[in-house]
Engineer: 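Before I ask anything, let me first share the structure, which is written out below as structure tokens.
So you know, we letter chains A, B, ... as the sequences are listed, proteins then strands, and number each from 1.
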Amino acid sequence: MSNPSVYVRAAMAPAQPAPRSTVGVAGWLRTNLFSSLWNTVLTLLAIALIVSIVVPTVRFTLVDAVWSGEGREACLAANGACWAYVKAYLPQFIYGRYPIDERWRVDLVYAMLALGLVLLMVPRIPAKGATLAFMLLVFPVVAFVLLTGGGLELDGGLIPDDVMAPSAFRFWIEYGAVCAVLLALAAALAAWQGASVARTLRNLAAALAVLAVVLLAVSVDVGLEHVETANWGGMLVTLVVAVTGMTASMPLGVLLALGRRSNMPVVRLASVVFIEVWRGVPLITVLFMSSVMLPLFLPSGVTIDKLFRALVGVALFNSAYMAEVIRGGLQAIPRGQYEAARALGLGYWQMMRMIVLPQALRLVIPGIVGSFISLFKDTTLVLIIGLFDFLGQIQASANSATWASPVTGISGYIFAAFVYWIFCFGMSQYAGFVERRLDTGYKR
Amino acid sequence: MASTDVSGPPVDRTSSLINNPRFRGLFYQVALILVVGWIGYDIYSNALDNLRRLNLVPGDGFLDRTAGFGIIQSLIDYSEASSYRRALFVGLINTLLVAVLGIVFATLLGFLIGIARLSRNWLIAKIAAAYVEIFRNTPLLLQIFFWYFAVLRSVPDMRSKWSLFGIAHLNIGGVYLPRPVFGPDAGLIGIALLGGVAVSIIVSSWAASRREELGRPPRVWPVHLALIVGLPVLVFFLVGRPISFSMPVFNETGPLLRRGFERGSGLVVIPELVGLLLALTIYTAAYIAEIVRAGIRAVSHGQTEAASSLGLRPGQTLRLVVVPQAMRVIIPPLTNQFLNLTKNSSLAVAIAYPDLVSVGGTVLNQTGRAVEIVGVWMAVYLGLSVLTSIIMNAFNRRVALVER
């Protein structure tokens with residue numbers, strides 16, 4: 001059938017290359033920057049904006065900056081940032097007024113913290129459970145002893161002074177007595193409830209023994225010089241506040257979130273009131289409260305360290321925010337999960353620990369990290385109640401007579417911003433990484 | 001056989017009570033009440049004890065005593081002879097001032113950045129992303145210090161200035177703007193404005209009902225324009241121009257002490273307010289931008305496609321389909337940010353802007369009334385957040401998606 005007037009192509013025509021204007025660098029530029037007149041105008045404006053911001057910034061921080069020198073003359077001569085000042089004060093920014101000969105202790109704590117975090121954060125490294133137990137149980141005690149010098153004076157207080165003078169011996173007698181009472185109570189309760197008395201006693205005794213070891217560790221004199229928390233400063237205070245706040249607010253937040261979803265009206269009401277009060281007020285009033293009002297609430301003669309008071313305030317404040325984040329996760333778990341756990345015969349705490357919380361916490365990782373980041377940024381507020389954190393130390397040094405110059409302050413702030421940014425941005429990036437890693441199970 | 005053994009072990013009667021969930025719940029709750037009550041009583045008795053030792057009688061009587069300190073910015077009459085109560089009130093008004101201004105500016109900037117982040121222009125989107133990442137990841141207090149101590153201290157001194165179009169001026173004393181001076185009949189303009197707004201609301205509802213009837217909206221924007229802008233302007237000229245502007249007067253020559261801006265001329269915005277406002281606006285705008293971006297992206301692509309296939313133009317799609325649905329997602333977290341901004345304005349104390357916390361701190365230092373002052377702070381901030389939540393919950397119920 002050969003009709004010469006009909007032409008049917010027998011083979012596929014070779015593919016034409018894409019138009020030059022849509023591929024390569026030129027194509028990318030065209031679609032992303034110059035697709036229309038309006039877009040072109042925007043691009044040019046954006047370029048002008050970038051040039052007008054980036055060029056002076058680079059000039060100020062790098063080109064015109066002073067990198068070395070002594071005293072304020074070096075800074076006065078500078079047209080740009082005065083990094084010589086930051087270099088001179090760097091030890092203060094890191095350690096505050098911690099005695100120079102004792103700074104190895106801070107270094108050791110920093111190293112342990114960094115090592116622990118790396119071991120926990122890199123997924124490929126095994127033995128997460130052991131590391132976590134170490135970081136939560138051993139590290140805080142070691143850090144406390146190293147940073148303060150240990151030798152906490154425990155002298156008891158249950159037995160009146162005229163019966164037995166205050167001493168470590170009295171404390172341990174009292175501790176033993178309290179333990180005995182607790183063990184007896186637990187045994188009675190276990191017997192009443194029909195649980196295994198031996199196992200209850202074993203568990204409680206283990207917990208009390210661990211507590212005893214901790215108390216012994218913080219009270220025994222290890223021969224380290226005592227360093228007042230008033231001498232702590234810089235990154236040390238920032239990290240102490242941030243890390244304690246983060247670790248303390250997690251369990252508190254979980255408890256509050258569970259309390260808010262509890263069936264017991266009193267528990268629910270107490271949780272709601274606690275959460276909403278803390279969330280309704282600014283952190284600065286909480287810190288003021290902990291610094292001026294808390295002493296009024298304590299029996300006369302009892303004083304609590306200023307840093308510790310701030311820690312309590314920050315932890316309580318953050319736990320309210322954490323509770324709301326975790327509640328979001330709890331609400332997102334389908335009812336079927338709760339019901340299935342119940343049907344398997346799990347008790348409330350077993351259900352929460354093994355079924356609900358692992359799923360809920362995984363869901364709210366972004367929220368938890370977000371609240372960690374805001375906590376880290378909020379640690380700067382402690383400078384208002386007179387603690388010298390990283391920013392407080394920089395703020396204080398910028399006005400010191402030896403380095404005062406028009407660019408000293410701005411150099412310090414840029415340095416501070418850079419450091420805080422690294423921490424916060426790092427946290428958010430790591431959160432994104434974890435989220436993507438854990439997300440796989442939910443992708444369909 | 002297993003089927004014969006159905007009785008099981010003998011039931012222990014004593015364990016039934018502890019295993020009864022109702023009894024256990026009751027037990028835990030009573031225990032909680034006892035513990036909380038005990039802590040509360042302990043705190044109360046300790047506080048009374050300590051206050052007695054300090055010779056302080058709890059109560060608000062001290063609020064009527066003379067404050068004796070000056071406040072650098074007050075929108076109401078205040079002098080050193082005023083009472084503590086008045087001083088705290090000035091602080092509250094200053095807090096509200098910075099909060100309202102901050103909310104307005106941060107919303108504008110935040111929407112701009114949020115939309116820029118979704119721009120098809122790669123460069124614009126990247127700039128917006130950089131803005132968000134920089135300002136969200138540095139502490140607000142640091143930003144306040146940066147603007148106040150580093151930027152606003154390096155502007156010209158009191159005897160020189162930077163000017164913008166000859167209207168706004170900046171030097172180390174703050175920002176100088178024209179100040180409106182209201183004449184005796186200026187109230188009439190306000191009445192005209194209110195009346196215009198009221199009538200145009202009525203016109204809007206009439207227009208809405210017409211649209212339902214006819215299927216096409218009547219053209220009402222000229223009416224709105226005439227009512228809201230035209231009417232007050234008309235009244236302004238009719239009653240003889242009662243509003244004038246006091247321009248800031250700058251003396252460049254003359255005796256050294258008289259150089260600089262003349263006192264009482266123009267409107268002076270103190271640098272503390274400028275710095276705080278800059279930091280709050282820029283910081284909160286980064287969060288609002290993320291909220292706006294998430295809200296717009298939450299409107300599914302199908303919605304825009306459906307709108308296009310119905311024949312709506314891109315502008316109409318945005319205005320009638322995307323924005324109303326995005327707002328539903330945006331508003332709740334946006335309110336949260338407004339509250340955050342209000343609470344964050346308490347950082348004013350770090351640069352001595354006289355807000356509620358700052359003034360309260362001064363009063364606290366002078367009188368030692370820690371409990372009362374902290375109580376005032378908490379009551380005010382809690383009141384503000386409860387008020388906002390009530391309004392927002394009502395709003396949320398109205399716009400919430402009604403499903404099935």
Engineer: Is A:Phe388 atom CZ crowded by more than 12 heavy atoms from other residues, nucleotides or ligands, each under 6.0 Å away?
Structural biologist: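 Open.
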Engineer: If you count heavy-atom pairs under 4.5 Å with chain A, which of B:Asn50, B:Val380, B:Asn137, B:Leu339 comes out on top?
Structural biologist: B:Asn137
Engineer: Counting only heavy atoms not in A:Arg261, do more than 12 sit closer than 6.0 Å to its CZ atom?
Structural biologist: yes
Engineer: Non-hydrogen atoms of chain B under 4.5 Å away: do they reach the side chain of A:Ile53, the backbone, both or neither?
Structural biologist: neither
Engineer: Please find the pair of heavy atoms, one from A:Pro282 and one from B:Lys343, that lie closest to each other, and give the distance.
Structural biologist: CB-O, 3.5 Å
Engineer: Using a 4.5 Å cut-off on heavy atoms from C-beta on, say whether the side chain of B:Leu142 contacts that of A:Thr380.
Structural biologist: no
Engineer: Please classify the contact between A:Leu391 and chain B as side chain, backbone, both or neither, with a heavy-atom cut-off of under 4.5 Å.
Structural biologist: side chain
Engineer: Report the C-alpha distance between A:Ile384 and B:Leu347 in whole Å, list the side-chain angles of each, state the deciding distance to 0.1 Å, and finish with yes or no for side chain to side chain contact (heavy atoms under 4.5 Å, CB included).
Structural biologist: CA-CA 9 Å; A:Ile384 296 178; B:Leu347 294 187; 4.1 Å; yes
Engineer: Is chain B contacted by the side chain of A:Ala416, its backbone, both, or neither, given a heavy-atom distance below 4.5 Å?
Structural biologist: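 Contact with chain B involves both backbone and side-chain atoms of A:Ala416.
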Engineer: Output yes when a side-chain donor or acceptor of B:Asn46 lies under 3.5 Å from a complementary backbone atom of A:Leu296, and no otherwise.
Structural biologist: no
Engineer: Looking only at the side chains, is there a donor atom on one of B:Asn121 and A:Thr43 sitting less than 3.5 Å from an acceptor on the other?
Structural biologist: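 Yes.
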Engineer: With a 4.5 angstrom heavy-atom cut-off, which part of A:Trp38 approaches chain B: side chain, backbone, both or neither?
Structural biologist: neither
Engineer: Under the side chain to side chain contact (heavy atoms under 4.5 Å, CB included) criterion, do B:Val374 and A:Thr285 qualify, and how do the steps go?
Structural biologist: CA-CA 7 Å; B:Val374 173; A:Thr285 59; 5.6 Å; no
Engineer: Report yes or no: does A:Lys377 contribute a side-chain atom to a donor-acceptor pair with the main-chain N or O of B:Arg136 at less than 3.5 Å?
Structural biologist: yes
Engineer: Distance check, rounded to the nearest 0.5 Å: A:Ile414 atom CD1 versus B:Thr138 atom OG1?
Structural biologist: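 That separation rounds to 12.0 Å.
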Engineer: Mind checking whether B:Gln29 and A:Pro265 have side chains closer than 4.5 Å, heavy atoms only?
Structural biologist: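 They are in contact (side-chain heavy atoms under 4.5 Å apart), so the answer is yes.
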Engineer: To the nearest 0.5 Å, what is the distance between OG on A:Ser374 and OH on B:Tyr287?
Structural biologist: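 Interatomic distance, A:Ser374 OG to B:Tyr287 OH, rounded to 0.5 Å: 6.5 Å.
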Engineer: Non-hydrogen atoms of chain B under 4.5 Å away: do they reach the side chain of A:Leu381, the backbone, both or neither?
Structural biologist: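 It is both, since atoms from each part get that close.
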Engineer: State, to 0.1 Å, how close A:Ile410 and B:Ala150 come at their nearest heavy-atom pair, and which atoms those are.
Structural biologist: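 Here A:Ile410 and B:Ala150 meet closest at CG1-CB, 3.6 Å.
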Engineer: Side chains of A:Phe297 and B:Tyr44, heavy atoms from C-beta outward: is any pair under 4.5 Å?
Structural biologist: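 They are not in contact (no side-chain heavy atoms under 4.5 Å apart), so the answer is no.
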Engineer: Check A:Met293 against B:Ala370 and note the closest heavy-atom contact, atom names and distance.
Structural biologist: SD-O, 3.9 Å
Engineer: Please name the pair of heavy atoms, one in A:Gln395 and one in B:Phe145, separated by the smallest distance, quoted to 0.1 Å.
Structural biologist: OE1-CD1, 3.7 Å
Engineer: Name the region of A:Val407, side chain, backbone, both or neither, that has any atom closer than 4.5 Å to a heavy atom of chain B.
Structural biologist: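 Nothing of A:Val407, per the 4.5 Å heavy-atom cut-off to chain B.
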Engineer: Mind checking whether A:Phe288 and B:Trp377 have parallel, tilted or perpendicular rings, split at 30° and 60°?
Structural biologist: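 A:Phe288 and B:Trp377: tilted rings.
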Engineer: Please give me the minimum heavy-atom distance between B:Ile124 and A:Leu42, naming the atom from each residue.
Structural biologist: CD1-O, 3.9 Å
